[in-house]
Amino acid sequence: MSSNPVVASPVAPWWKFGHVWLVLAGPAIVVVAGFVTLWLALSRPDPVVEPDYYRLGMEINKTLAHPDKSLAPALKARNHAATPEQSLPPR
């Protein structure tokens, strides 16, 4: 007879331990997120620069050449919420 009180219990397979799945879940989520990001990047390409970008830029410069016309609404509807009390015009 054996005097060893420790009885060897059968070892469970690795997939039955919860901590293994906890350790594997992080990298698995990162791999899935990487594939989702790749799919988003390939399915929604960046827009191409306009072929007539120079003409569009010249039109923008024409509107900026006359600041009185372009700033008229901003001068009429000035936001006084950020103006200090001493800077307000007299009532």
Side-chain angles (χ1 to χ4, degrees):
M1 291 228 175
S2 172
S3 63
N4 190 356
V6 177
V7 178
S9 63
V11 178
W14 65 270
W15 62 84
K16 290 193 176 186
F17 291 99
H19 292 93
V20 172
W21 292 109
L22 185 65
V23 170
L24 293 178
I29 290 171
V30 171
V31 169
V32 170
F35 280 114
V36 169
T37 304
L38 177 67
W39 174 76
L40 286 173
L42 294 177
S43 66
R44 294 168 176 80
D46 292 336
V48 181
V49 175
E50 293 288 332
D52 57 346
Y53 67 93
Y54 185 77
R55 183 186 59 81
L56 294 174
M58 294 303 290
E59 289 178 10
I60 291 172
N61 288 340
K62 287 178 187 175
T63 60
L64 295 176
H66 304 289
D68 296 335
K69 292 181 183 176
S70 63
L71 293 178
L75 292 175
K76 289 180 183 176
R78 183 176 172 196
N79 184 3
H80 290 289
T83 307
E85 187 67 33
Q86 63 270 17
S87 298
L88 289 175
R91 295 181 186 194

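Both backbone and side-chain heavy atoms feed into the values below; hydrogens, waters and symmetry mates do not. This is a predicted model, so every value here is computed, not measured.
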Item checked: Derivation and outcome, side chain to side chain contact (heavy atoms under 4.5 Å, CB included), residues Trp39 and Arg44 -> CA-CA 8 Å; Trp39 174 76; Arg44 294 168 176 80; 3.8 Å; yes
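- Of all the heavy atoms in Pro27 and Val23, the pair that sits closest is CD-O, 3.2 Å.
- The distance from the OG1 atom of Thr37 to the CG atom of Leu42 is 10.5 Å, given to the nearest 0.5 Å.
- Under the 4.5 Å side-chain heavy-atom criterion for Ile, Leu, Val, Met, Phe, Trp and Tyr, Phe17 and Trp15 are members of the same hydrophobic cluster.
- Interatomic distance, CD1 of Ile60 versus CZ of Arg55, reported as 10.5 Å (0.5 Å rounding).
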